[in-house]
There are 2 protein chains.
Amino acid sequence: MVRATLRDVARLAGVSVATASKALNGQPQVRASTRERVMLAASQLDFSPNALAQGLITQRTGTVGLLTSDLEGRFSIPILMGAEDAFGTDQTSVFLCDARGDGIRERHHLRALLSRRVDGLIVVGARPDSRPSLGRDLPVPVIYAYAPSEDPRDLSLVSDNEGGGRLAVDHLIRCGRRKIAHITGDASYGAAQDRARGALARLTEEGLEVAGGEVWFGMWSEAWGRGATRMLLERCPDVDAVFAGSDEIARGVLDVLHEERLDVPGRVAVVGYDNWNILVANARPPLTTVDMNLEQLGRVAAQRLFAAIGGTLGSGVEKFPGKLVTRESTAPLR
Amino acid sequence: MVRATLRDVARLAGVSVATASKALNGQPQVRASTRERVMLAASQLDFSPNALAQGLITQRTGTVGLLTSDLEGRFSIPILMGAEDAFGTDQTSVFLCDARGDGIRERHHLRALLSRRVDGLIVVGARPDSRPSLGRDLPVPVIYAYAPSEDPRDLSLVSDNEGGGRLAVDHLIRCGRRKIAHITGDASYGAAQDRARGALARLTEEGLEVAGGEVWFGMWSEAWGRGATRMLLERCPDVDAVFAGSDEIARGVLDVLHEERLDVPGRVAVVGYDNWNILVANARPPLTTVDMNLEQLGRVAAQRLFAAIGGTLGSGVEKFPGKLVTRESTAPLR
DNA sequence: TACGTTCCTGAAAACCTTTTCGGCGAGCCG
DNA sequence: CGGCTCGCCGAAAAGGTTTTCAGGAACGTA
C-alpha cells in the first residue's frame, strides 16, 4: 500500500501544496469551494499527514515519554492509564519506556526519547520514596508521578499517604471502634511511615492509643498479615478494628480472623489500602480500602505537562488525597 | 537548553554536514583523524540526532505501535514487557495505545500511529478469543498477540490453552492422583473450553473420568471457586485433586479445602492457571500453576515484527506452550 | 482610465538529516 | 612529466510539511 502525500492531494485537487495544507488545517485564507475540493481529494486518497515532517517543522511532535520503573508493578499502570486518556487519542501519543529500575537503562531511554523530540516527560517511580532527578537542564518539561524527585525544584505529584492513613482511621472511629490496630509493611518505605503517622495522628486527636501498643511494621505480604494478626490477637484479644497498610496484608488479616471465627465486621472491622480490585473484590467479606486515586494522578500529570509545554512548570511536591471505598468489611458497631 | 544540530557539530569540527554525518554513522569513507574531530565536537555539544529528520529520509522511524485493549488486565502487561525488552532501548521505541475495548478508539489510534510512521504494530487482545482484523491493506506489518485475528491470513501468536490444560492434568496424574476435578471460568471463553479439552484428553488417555462427572464452568472469581468446591465435595467427597482454570479460582478452592480441614497437598492437590504472582505466592500453600509464558510471547512477537519490517510476515495462528510452575500445593501421593 | 482594496493562490524557504556523486589532491606507474 | 587510481571531502537533492510573502484577479471608486 502506497501512501499519499500532500503533493498528491494538491495535484488531485488542482491546487498547490501550500493551499492544500492551509485548506486541511482550517486556515481562513482559502475559499470554501477550494477547501472542499482539497478535502475531497484528501479523503479519496486516504491522506494522512506525515507526523515526522510536521514535527520537524512545527517543533512539536505531539508525543510524550512515559518513563516507568516497574511495569509489572501495580502502581504505574493506573497512572499510565490516566495519562493515556488525558492526552486525547488524536492529539498526543505516548512512548512507553520501562527502565526496570536501572539507572543506566533510564539514561538510554531518556536519550532516545529526547532524540525523538518528545514534547514532555512523565516519570513514574516504582515505590513512593523519592528518586534522583533526571536533571534540570532538559529541553522539555518533566513531571514526576508517584515517586517524587529528590530535587525540590522539580514538580512531583504524589499520593497523600498521611491523609490516607487518617482517612482509614477516621472511618473506623466513625464506626464506633476504639481498639484500633495498624498492621503494615516494610518500615523502610516512606509510604508505610506516612500512613502510620496519619493513622496515629487521628487516633491521638480522639484520645486513643493504637491497639497492641505499637504499629506492626513487617512486610507487604499476606503471610505477614496473618502472622501479625495472630500476635495481635494474643496481645490484645479485644481489638475491634485493624487498619492494614495494604490490601495484601488485609487479606492475611481477614484470613486469620476467619480462622478464629471472629466475625468481620461484627466483631472486628478491617480496612485495607490500594483498592486493588482482584484482592478486595474477592475478599471475604469484600474489603473497605483506601484508593489512592492513581488514575486521577496520572490525568493531572498529563494535564500539567500539557499546560507546561511551551510555558513553564511549577515545582515542589503536590499531594493528592485518596478516597475511602467502603465495602462490607467495615460497619458501625451495634 | 538549546539543541545542537549536525550543522553545529560540523562547524565546530571544521567539516561539512555530509562528512559529519558519515563520521558519526561509521561510514568508511572518512579519515580516522577527521572522524575523531567530529566525534569530539558531537560530544562537546551533546549532540543527539533528530530522529524525525532521520525517519523522514530513511523511511524507518524505529518505532512500533502497541495496541492493547485492556491495560488494567493482567495479560497485556507481560506481553508488553516482553516486547519492550526485545526491542533494544536504543533501537526501537514503543508507542503504547489503549483502545479500552472500543473499536472507534482503536481506529483513531491506528490512524495516529500510521501518521507517525511506525514501522510495525503489535495488537494485544483483552481475552484469548479471536478479534477483528485491522485489515489487510496496511502499510506496515501487524502481529496479533494473545487474542488471534479473525482473519487467518494475519499472523497471530497465542497461548496454547489446550496444551496448558494437558500439562496441569499430566502433573496431577504423575503425582498419583486419580480423582481429578476441573473447576473453571466462564464457558463462553475459548480459553476455558480449550483448557478443559486438554485436561479431558489427558484424563481419557489415562482411562480416567473427570471427578464429579463434569467440568465445572462458572466464573473467573474466588467466590465461584469456593462455591464450586463445596458442591464438588458434596458430590464427590473422595476427590484427590482439583485443576482450577485460573489462580483466582484456585484461591477459592484452597480456601474451602482449608475450611474443611482437608490437607493440601496431602489429601487434595490443587493446580491453578496464570501464575499470577500476587495470588500464587501468597496462597496457603503456595500454588502450583500453569504459566502461559506471556513475556516470551511478547518477545517473540517483537522479534517476528522486527524480522518482518521490510520483508514479509507469515500468517496463521502460532501457539506457544505454557510451562508448569510447581509449588507446594501439589505433591506425590504417599 | 487609473488606482486602491480585498481575496485567494502559489513559490519558496525552512526544519534536519542521509546519500549520491562529482571533484580535488596525492601518490604511483610508465 | 602525463595520466591513472585511490582516498577523502563537500555540494546538493531528497524526504513531506508549514508558513511567509509576493502577486494576480476581481471589484469598486475617483
Side-chain angles (χ1 to χ4, degrees), chain A residues 1-39 41-42 45-63 90 111-112 114-119 139 310, chain B residues 2-39 41-42 45-63 111-112 114-119 139 310:
Chain A
M1 180 190 157
V2 57
R3 295 197 243 222
T5 74
L6 195 55
R7 280 251 302 264
D8 304 323
V9 174
R11 189 159 34 219
L12 181 58
V15 298
S16 72
V17 287
T19 305
S21 170
K22 282 177 281 198
L24 293 175
N25 293 327
Q27 300 275 0
Q29 3 122 7
V30 39
R31 196 169 11 178
S33 65
T34 310
R35 185 186 307 275
E36 232 166 83
R37 275 208 328 281
V38 173
M39 307 265 263
L45 296 175
D46 193 26
F47 168 75
S48 100
N50 185 321
L52 285 86
Q54 287 186 139
L56 195 52
I57 187 159
T58 61
Q59 310 283 40
R60 283 280 312 276
T61 55
T63 59
D90 323 293
R111 195 170 184 80
L114 291 179
S115 108
R116 294 195 190 285
R117 297 300 188 264
V118 292
D119 294 332
Chain B
V2 56
R3 295 196 241 222
T5 74
L6 194 56
R7 280 247 305 262
D8 304 323
V9 174
R11 188 160 35 215
L12 181 58
V15 298
S16 71
V17 287
T19 305
S21 170
K22 281 177 283 201
L24 294 176
N25 293 327
Q27 299 276 0
Q29 1 126 7
V30 39
R31 194 169 13 177
S33 65
T34 310
R35 186 187 306 277
E36 234 165 83
R37 272 207 332 280
V38 173
M39 306 264 262
L45 297 175
D46 192 27
F47 169 76
S48 102
N50 185 322
L52 287 92
Q54 288 186 138
L56 195 52
I57 187 160
T58 62
Q59 309 284 39
R60 283 279 314 276
T61 55
T63 59
R111 192 169 185 81
L114 291 179
S115 104
R116 295 195 189 284
R117 297 300 187 264
V118 292
D119 294 332

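Please read all numbers here as calculations on a predicted model, not as lab measurements.
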Selection from [options] that lies nearest to any side-chain heavy atom of [X]:
X	options	value
Gln29(A)	dT17(D), dT9(C), dC9(D)	dT9(C)
Gln27(A)	dT19(C), dT19(D), dC9(D)	dT19(D)
Ala18(B)	dT19(C), dT18(D), dT17(C)	dT19(C)
Ile57(A)	dC15(C), dC8(C), dG15(D)	dC15(C)

Check: Got a second to check how far Asp8(B)'s CG is from Leu45(B)'s CG, nearest 0.5 Å?
Finding: 6.5 Å
[X] [atom1] - [N] [atom2] separation (whole Å):
X	N	atom1	atom2	value
Gln59(B)	dT17(D)	CD	P	11 Å
Asn50(B)	dT18(C)	CG	C1'	13 Å
Leu56(B)	dC16(C)	CG	P	12 Å
Leu6(A)	dT19(D)	CG	C1'	13 Å
Arg35(A)	dG10(C)	CZ	P	14 Å
Lys22(B)	dC9(D)	NZ	C1'	6 Å
Arg31(B)	dA26(C)	CZ	P	11 Å
Leu52(B)	dT18(D)	CG	P	14 Å

Note to self: Side chains of Val15(B) and Val30(B), heavy atoms from C-beta outward: is any pair under 4.5 Å?
What the structure shows: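 A side-chain contact under 4.5 Å is absent here.
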Notebook entry, point to check: Would you call Asn50(A) and Arg117(B) a side-chain contact if the rule is heavy atoms closer than 4.5 Å?
Noted result: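 Side chain of Asn50(A) against side chain of Arg117(B), heavy atoms only: contact under 4.5 Å found.
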Next item on the list: Say whether, by atom type as modelled, one donor and one acceptor occur between the side chain of Ser21(B) and the main chain of Val17(B) under 3.5 angstrom.
Entry: no
Margin query: With nearest nucleotide decided by heavy atoms, which residue, Pro28(B) or Arg7(A), maps closer to the 5′ end of DNA chain D?
Written below: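 Taking each residue's closest nucleotide, the earlier one in sequence belongs to Pro28(B).
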Note to self: Return whichever of Ala53(B) or Ser33(B) has its heavy-atom-nearest nucleotide of DNA chain D closer to the 5' end.
What the structure shows: Ser33(B)
Taking only side-chain nitrogens and oxygens of [X], does any of them come within less than 4.0 Å of OP1 or OP2 of [N]?
X	N	value
Thr19(A)	dG10(C)	yes
Ser16(B)	dG10(D)	yes
Asn25(A)	dT18(D)	yes
Thr34(A)	dC8(C)	no

Notebook entry, point to check: For Arg31(B), which residues count as a salt bridge (charged side-chain N to carboxylate O under 4.0 Å, His left out) partner, sequence neighbours excluded?
Noted result: none
Next item on the list: Using a cut-off of 6.0 Å, state whether more than 12 heavy atoms not belonging to Arg3(A) lie near its atom CZ.
Entry: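 Counting other residues, nucleotides and ligands, CZ of Arg3(A) exceeds 12 neighbours.
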Notebook entry, point to check: If you fit an axis to the five pairs at each end of the helix from dT1(C)-dA30(D) to dG30(C)-dC1(D), how big is the angle between those two axes, to 10 degrees?
Noted result: 70°
Notebook entry, point to check: Reckon Gln54(A) touches a base, only the sugar-phosphate, or nothing at all at heavy-atom distances under 4.0 Å?
Noted result: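 The residue Gln54(A) makes sugar-phosphate contact but no base contact.
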Note to self: Base, sugar-phosphate or nothing for Thr5(A)? Non-hydrogen atoms, less than 4.0 Å.
What the structure shows: sugar-phosphate
Notebook entry, point to check: Which sits closer to the 5' end of DNA chain C, Val15(A) or Ser48(B), going by the nucleotide each is nearest to?
Noted result: Val15(A)
Item checked: Nearest heavy atoms of Arg116(B) and Thr61(A), plus distance in Å ->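 Shortest heavy-atom contact: NH1-O, 2.8 Å.
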Next item on the list: Grab the two heavy atoms, one from Val9(A) and one from Ala42(A), that are nearest each other, plus how far apart they are.
Entry: CG1-N, 3.8 Å
